[in-house]
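Input: a single structure, listed below in structure tokens.
Each chain gets a letter, A, B and so on, in the order the sequences are listed, and its residues count up from 1. Just so it is clear, the structure is predicted and the values come from calculations on it, not from any experiment.
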Amino acid sequence: MAVEMIADMELVFKYPESLTPRVTHYCPGCTHGVIHRLIAEVIDELGVRERTIGVAPVGCAVLAYDYFNMDFCEAAHGRAPAMATGIKRVSPDKVVFTYQGDGDLAAIGTSEIIHTANRGELITTIFVNNAIYGMTGGQMAPTTLPGQVTTSSPRGRDVETAGWPMKMAELIGMLSGAAYVTRQAVLDVPGIRRTKKAIKLAFQVQLAGLGFSMVEILSTCSTNWGVSPLEALDWAKQNMLPYYPLGDTKVVDEVRALMAKP
Amino acid sequence: MAAKGMVIIDENRCKGCGLCVSVCPVHILKLADGRFNIRGYRPVEVIDPEACTGCAMCATICPDVVFTVYRRKMRREPSTAEPVNAKSHTIRW
Amino acid sequence: MEEIIISGFGGQGTLFAGQVLAYAAMDADFHVTWIPSYGPEMRGGKARCTVIISDQEIGSPLVRRPSAAIVMNIPSFETFEPMVKPGGVLVVNQSLVPHRSQREDIRALYVPATELATDMGNMRVANMVCLGALVQALGILPLEALEQALDRHLAERHRKWLSLNKEALRKGAEFA
Amino acid sequence: MAKELWEGNAAIAEAAIRAGLEAFFGYPITPQTEILEHLSHRLPELGRVFLQAESEIASINMVYGAACAGARVMTSSSSPGISLMQEGFSYIACSEVPAVIINVMRGGPGLGNVAPSQGDYFQAVKMAGHGDFHPIVLAPGNIQEAIDLTVLAFDLADKYRTLAMIAADGSLGQMMEPAEMPPLRPVRPPEERAAWALTGAKGRKPNIITSLYLVEEELEKVNLRLQAKLREIAANEVRWKEYSTEDADLLMVAFGTVGRVCQTVVREARAKGLKAGLLRPITLWPFPSARIAELAGRVRGILVVEMNAGQMLEDVRLAVEGRRPVHFYGRMGGIIPLPDEILPQLEELDAATRS
């Protein structure tokens, strides 16, 4: 209805077709919503919505299939890469992606993600790292920072007993089957734009059959960090960025060639 | 003088997180005072539609796809057409 | 019905000998089962199989007291010599088992199988020597049935040993 | 097709191929590894999917994914591996996608050993996975049945969109018998996959496959639908075989390998003048309870024989409802009870029920 009024204006930002109209259950300011939208925009731009199959995790994004307007399934905790492998192997013409949080991918599902990446499965993994367990109410994650207080590390993460935060982008980047692995952050507008480019490239890597692709995305959890949504962006910048440097950890030559294309 | 840009706010999607307010370069967004949307949040409002540049930074950071953004078409030659006085507005359900 | 146990070290070909027997029985339209029993090691352990040949549907594929046995080493002799049913047949690989059965209710055949096989050029056909002796003694199948089974079922990579295997069967049959 | 001498594991693998298996995901574990090995060369040569996963957990979730995509899929394992898969079974059951599981049971608990066992009766039939569900469980007693039931497992899994499990044991996996393979069925082309499958939402609403229902009433509704389906399966698919039960006054109940051992016991008992009969369940779930109850009304006593401490025994007792004495004989640790040790048990039952 608004369209008629704006004859000499062009639409520069619209609701993606690859999202359903549902309002998400995520907390106010939660960057899961941003990441969902970026994926949807990429799928729209690549024109692959009707042949994309998503795999949802266990964690805050457990209901992701309610928000993506495409075929979707819900995996057991940590098993999304295995499930995606099964789907892709019997449906090689489909675009398959997993959406996983830090508990799902970097704790219970470490084995599945490593082997899926190492086999070079032609799937794309979106890994949302917010350094805490959101869905169960703020417990320590494998990516929780040293000294970070959570409900299960009340005196701060003690690396002597709890070990060190997992650097998944670096870990996965080391594997021969991984074609493109990068770490991005959705903590400000330029970062969001770079993240979208990375997601798009990751899907293009899959479409070109170059190997496994993963985008680790530093994200926020204002509720469980106990700060406002705006403060959460700053907290992540100050605390997460030094430990989790942004940038590509794996770009094979074929991907570099893809990046060079206009 | 018509605004360079225009945002349409789908008010009932808004959770009042305020991220958009923080990134708007022309400071024309604020959370509603003493008014709530259907979900009980103070929704974002445009306080000065004329100043909107259509930069879409609000939409880029919004986790809830609240914004639709239009920008006035760029033309090398001045348009003979009467500029349409489109302004940012809110969809209320 | 014949219930046959073939037992020895891993690598002596006891399982294969049982399979040749099972193939021959199948080709002759008998009901037949072949079931192995492995030790935890793939080689050098005890390897035995049970072959049951029957003209009616076979229930248990395993027996405690076989009607016939081939024992290719000392532990196998010690285990199965007392277990052979009265009236049954025991084939002893004399090359590796210096013992004699004290039983008078079974027919024991002493075959220097490993020596004969070595003389023929491959000690690994000792199993066929023993099998030839057993089948000849039991009379359940003609020796030709075993030779045909080898013709039909010997794996491609073992084809070069076909005539040697047959010769070993015939050599063993002379002891029955 | 002529009979060939088939080893149990290879026979199951080949039967799955003949039944139109499109994809196999598995992990080596004795005594079923020959299934994986057979498929590792046969599936690629037919242009189908074979993948050795990093674990049984990954295997079952790959199966889950491929099943969601509408492919005919299976995995195989042995007891400890099946334990690891239970989580996946539960998800598959709730999601109502078809999948076939081969379980070649070995001695347990724990690492146990690699010898034949029936110690997984409970975890197969009752399911150790969370929530209310049963798979269809088929227990072959010989190689021909292993072939035929594998084919049937795929058809039943498809028909009811459910899990179907072959519960064999290590001895059946390793033994050889003459058997006949069914002809090779063509693989279902991808464009003929089921309407519910994840094939890309082209020209239709998205298909969502999930086992998550946060609203209690919704989850209960799913459960009620599952239970209705299970009742339908129970009504239609119960299978068993009987031997000499027409005039039997002593009934044995035994499945799989020990079931066929008991066939020999029936013959030997009859030769001694005991009127023994045998019921060998082919489906462990659904269980032939009604037929056992019927036979219980005609016999003096029942002897259950298993390669475990008495698991199916509980289902027999539930069927008999205390109307007749139910005795039990079992061996554990991978030992197959032989006829000469079962027969005295039957004689004891005979004596105990004569007075």
- Query: Mind checking which of residues 182-201 of chain A sit less than 4.5 Å from chain B, heavy atom to heavy atom?
  - Reply: A:D188, A:V189, A:I192, A:R193
- Task: Tell me, out of A:L230, A:L233, A:T31, who's got the most heavy-atom pairs with chain B below 4.5 Å.
- Result: A:L230
- Heavy-atom closest pair (B:T68 atom, A:L11 atom, distance to 0.1 Å) is CG2-CD1, 3.4 Å
- chain B-proximal positions within residues 43-67 of chain A [heavy-atom distance under 4.5 Å]: none
- Task: Please state whether the side chain, the backbone, both or neither of B:C58 comes within less than 4.5 Å of a heavy atom of chain A.
- Result: neither
- Item | For A:G29 against B:C17, the heavy-atom pair lying closest together | N-CB, 3.2 Å
- Neighbour count above 12 (heavy atom, 6.0 Å) for A:K167 NZ: yes
- Measuring heavy-atom distances to chain A, does B:V23 have an atom under 4.5 Å in its side chain, in its backbone, in both, or in neither? side chain
- Could you tell me which non-hydrogen atom of A:P16 sits nearest to which non-hydrogen atom of B:V65, and how far apart they are? CD-CG1, 4.1 Å
- Query: Looking only at heavy atoms, what is the nearest atom pair of B:R13 and A:P21, with distance?
  - Reply: NH1-O, 2.6 Å
- Message: For a 4.5 angstrom cut-off between non-hydrogen side-chain atoms, does B:P63 reach A:Y26?
- Response: no
- Note on the structure: Closest non-hydrogen contact found for A:F13 with B:F67 is CD2-O, 3.6 Å
- Residues of residues 35-42 of chain A under 4.5 Å from chain B (heavy atom pairs)? A:R37
- Taking a cut-off of under 4.5 angstrom between non-hydrogen atoms, the residues of residues 234-249 of chain A near chain B are none
